[in-house]
Amino acid sequence: MKWLDALSENSARALARRTSRRSVLAGLGTFLLGAAAVPLLPVARGADSKPAGDASGAAAAPGTASPKADPGDPSSCDYWRHCAVDGFLCGCCGGSQSVCPPGTDMSPVTWIGTCHNPSDGKDYVISYNDCCGKSACGRCFCNRNEGDTALFQPGQSNDYNWCSGNSKANIPYHCSTARIVGTAK
Amino acid sequence: MKWLDALSENSARALARRTSRRSVLAGLGTFLLGAAAVPLLPVARGADSKPAGDASGAAAAPGTASPKADPGDPSSCDYWRHCAVDGFLCGCCGGSQSVCPPGTDMSPVTWIGTCHNPSDGKDYVISYNDCCGKSACGRCFCNRNEGDTALFQPGQSNDYNWCSGNSKANIPYHCSTARIVGTAK
Amino acid sequence: MRFRLMKPVHLVSALMACALLGGSARADLPSDSERGAQVATLAVPASKHWVWVNDFVFPHMADGMAYLIDGDTGRYLGTLSTGYSFAHVLLSRDSKLIYSPETYFSRGTRGTRTDVVTLYDAGTLKVAGEIAIPPKRSSNLPMMANAVLTDDDRFLLIYNFNPAQSVTVVDTKLRKFVREIETPGCALVYPTGPRSFFSVCGDGSLSLVALDDAGGAHQTRTQPLFNVAGDPVTEKAVRIGDIWYFVSFAGRIYPLEAGPRQAAVKPTWWLTSDAERKAGWRPGGIQQLAVNSQGPRLYAIMHRGGVETHKDPGKDVWVFDLSTRQRVQQFALKSMATSIQLSSDAHPLLYSIFIDATDLNIYDAATGKLLRSVEHVGTTPTIMVTP
Amino acid sequence: MRFRLMKPVHLVSALMACALLGGSARADLPSDSERGAQVATLAVPASKHWVWVNDFVFPHMADGMAYLIDGDTGRYLGTLSTGYSFAHVLLSRDSKLIYSPETYFSRGTRGTRTDVVTLYDAGTLKVAGEIAIPPKRSSNLPMMANAVLTDDDRFLLIYNFNPAQSVTVVDTKLRKFVREIETPGCALVYPTGPRSFFSVCGDGSLSLVALDDAGGAHQTRTQPLFNVAGDPVTEKAVRIGDIWYFVSFAGRIYPLEAGPRQAAVKPTWWLTSDAERKAGWRPGGIQQLAVNSQGPRLYAIMHRGGVETHKDPGKDVWVFDLSTRQRVQQFALKSMATSIQLSSDAHPLLYSIFIDATDLNIYDAATGKLLRSVEHVGTTPTIMVTP
């Protein structure tokens, strides 16, 4: 697993973490699950995906907002939106922090975190929709286990592969996005 | 490809070689191909394979002959029978130099070399039957490109995957044996 | 020691050699090819010192594998190819079969998904059968509790997550899928007897399930037995008899006595002293606990770190006497480990492996002495299964 | 910069936030989820400075992949998953489609074998179609000559080896398998025009094939044109116009002028001087030659070693002017390489990659200056394809 080597920040300790799948889903996620995985929130829009063709090529470029308003490198694990991500960053795989790479499908089921945007000082609800349908991207792995708990609480366990449960985004996991839902007041 | 690292004897130079598939087949091999891949020699016996169940468990142990008559370590690339092998040595994969690992099928199509047995001073015709039907064993890779030539001469190219052409030994290549056909007078 | 290649001209001599084989071979090494193709087989029952190393091959999950190693010799005995997002094999108590819940796609990583339980003959490692199951098996970091056999081996239970949660019940006698048991809010499968198991629910309660001969299920939901806030328990429980030993992120042992219709947590205890906890000692890894009924003993991979390191590997193993709950031994592993396993015999071996290094290390469990290392066992080895 | 996890109690505020989104978002960063799922697409036609890196994933051959990289920025643009024993993709001249000959088994590494040509939309990298072909495509160390398009893009030709040798003909217009052409004793496919190709036979002769609209074939067998004993040519030929440049193990260039019905070898020349050959200099690698019609130039990976090193990697690149046959440039690569490729434009980039290291290095082909490196491109990258 060559890609692992370079991803390691503190090697050994980090390794088990790297093997984890999926990051922390807030109570909201549990709610989604409770609702028989019929997402009821904006994050659910992942479900009614437009044909890939509709997405503009520009979508592949990171960040549409000005760098000032949306600071940092979306392909870096430190990027503010990645506060609860666990997986390969789509920005390194042909997508961006909000867009899936070409040819993949965005999973409608997602987990959510609350991240602080240092530029406007606001907290945002971030949904970490997976991009699915190809073998693992294998680049820019980013994971933290803070707040992670056991598989008994799917909404809060990062060991699940969330590319599940719908015909388009089938199990093969490719990478993870970090999409803004809105501000968390 | 972790396993590659430890297999390297002279690292860089060896690497391209490691990626090669199948070792040198003597003129005999071409003959086999010429005969529409209907093997006509003892090596063909691979074709009428007994059910795996028939092979005795003991078969998994290296070398049936006395260590003195059949010297060396069958899991070593230096073992005398391996003079023309290219692949993972079945002796490291649950088989031996003459027996396929459990659950694999021996390819009836094979390539042949002539190796010198240092103990009795005789030259033996060795057939390198592949064992097929599982993903790569990945252990004890052994390859030499001496005498190797282009794919234009399948009988003498080690870049082919010989786990082909029959229903039982399908394309997935697992490891290679080094079986005695007889003495080469 | 390589001779020159046979040139086409040598073909003749080769043919002669073969034709004359019977005669000329008398004083020579025996011909292998005369005996026709041969494929190795394995002793049945398997040695108690054999271990299955399961590999989910994270960078190429479509090609999951399992490897069989002889702990006494370090010899690599065989391989299984087990498909996408592979968790682990299960060994039948009669030693004759290996069960492997597997997932395949008609085009590798796309197309129609097919989930099956593949039955492998333990002696030949050939496919002995295949049972179609609902294409729902959970894809997660492999856990022993992803799939289990009931104590009488009659039913194979597989945890589903899509993301609705349920359990697939397979009848191993009839070799067919029997039914799916809905377990909303409850995860994984832990057997509690010949015909029963439980799943652990998000609120810390258990869903106790008793099965009848037809696979019919009687479900009982307990009160919350586990702390879900604060210091939750991991999924990585180990079992001796009626007791499932769960461990919390901080290292507190919850002995759970569970049966078909009731369950209770026995007095809890800690792997660590207050001082050790203050110093940051906690269990970690993917398969962080192992038990052997002799003693009985519990082994834990330990390291120092914050709560967020609860899945991190460790280099130290602490050994506890389960009858006294006292630590009776401590030793350092040869190298960092994410998983440990014990053989089930009276003179157990301890196996350790690390997901990002592929050497299997084998120790005398009684002394912690390293007996041998086996190199190049897989790509990302996860959990180990012993007979 | 991580905030505390949302506790269930925060659910409410989250719901509010969403409900109020339109209003509350005015001064905030725009919501991504409001726009629904989005999937990136690629510009069509592709930039001449994009490169496809093909990976046969030797340790897990069931999970072959291809990666698209932008040579101008080093940006990773996309991925294809391409099945067992993958060789390489082919790019349609109209830039709209990517053809990928692929092999799958119903159970990953066992079961029913299915060979297909998968058509991917070049803009979306989605499957745009699939053409069933005979399950015979050759499994070998990937070569560009494993599969080719005729110059008019009408027919896709795929080399079969099972181990009988043949060529599968696919009609790209009708999107169907047309026929199989037997090529006993002859290997691989090299296009020679709008409707023709040749295979190279074991005796050094060529099997010239001309196709009609229906895929009907007229075959011509030439006299032996290549030396098969002594210093044979490799399969790793490169083409400019009507000339295929074959290279021998020792570094002798055989310019082959080939058409539908005739072929001839033009005067040969050497990559090396007598002194350099004596010093052991020879070409090596998996994709050891690259050409650009501007100049025209030929690039070769060079190293020092015996004939048995003819597939070994090299760190040096020698550049030749094909009109003068003179070496016009030499430079060292950043690291050992098994494959090089050039972009096809007037200001070409040179790409280099090594099968056991996954960094793609990108150079200014005119100067040999390293422009950038792209890390972690695959597992065992083999050959590269440029538009």
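A, B, ... follow the sequence lines: proteins, then strands. Residue 1 opens every chain.
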Inset, instruction - Please confirm whether the backbone N or O of A:Gly103 pairs with a side-chain atom of D:Thr124, one donor and one acceptor, at under 3.5 Å? - result: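 No, because the side chain of D:Thr124 does not come within donor-acceptor range (under 3.5 Å) of the backbone of A:Gly103.
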Legend entry - Donor-acceptor under 3.5 Å (D:Thr79 side chain, A:Cys137 main chain): no
Any idea which heavy atoms bring [X] and [Y] closest together, and the distance?
X        : Y        : value
D:Val374 : A:Arg139 : CG1-NH2, 3.5 Å
A:Tyr124 : D:Leu29  : OH-N, 3.0 Å
A:Val99  : D:Ala40  : CG1-N, 3.2 Å
A:Met106 : D:Gln38  : CE-O, 3.6 Å
A:Ser135 : D:Asp63  : OG-OD2, 2.5 Å

Atom [atom1] in [X], atom [atom2] in [Y]: separation rounded to 0.5 Å?
X        : Y       : atom1 : atom2 : value
D:Asp32  : A:Gln97 : CG    : CD    : 7.0 Å
D:Tyr76  : A:Ser75 : OH    : OG    : 14.0 Å
A:Lys134 : D:Met65 : NZ    : CE    : 8.5 Å

Inset, instruction - Can you establish whether the number of heavy atoms outside D:Lys315 located under 6.0 Å from its atom NZ is more than 12? - result: yes
Legend entry - Which of A:Cys93, A:Cys131, A:Ser119 touches chain D most, by non-hydrogen pairs under 4.5 Å: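 The answer is A:Cys93.
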Legend entry - Heavy-atom contact with chain A under 4.5 Å, split by part of D:Leu68: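 Neither part.
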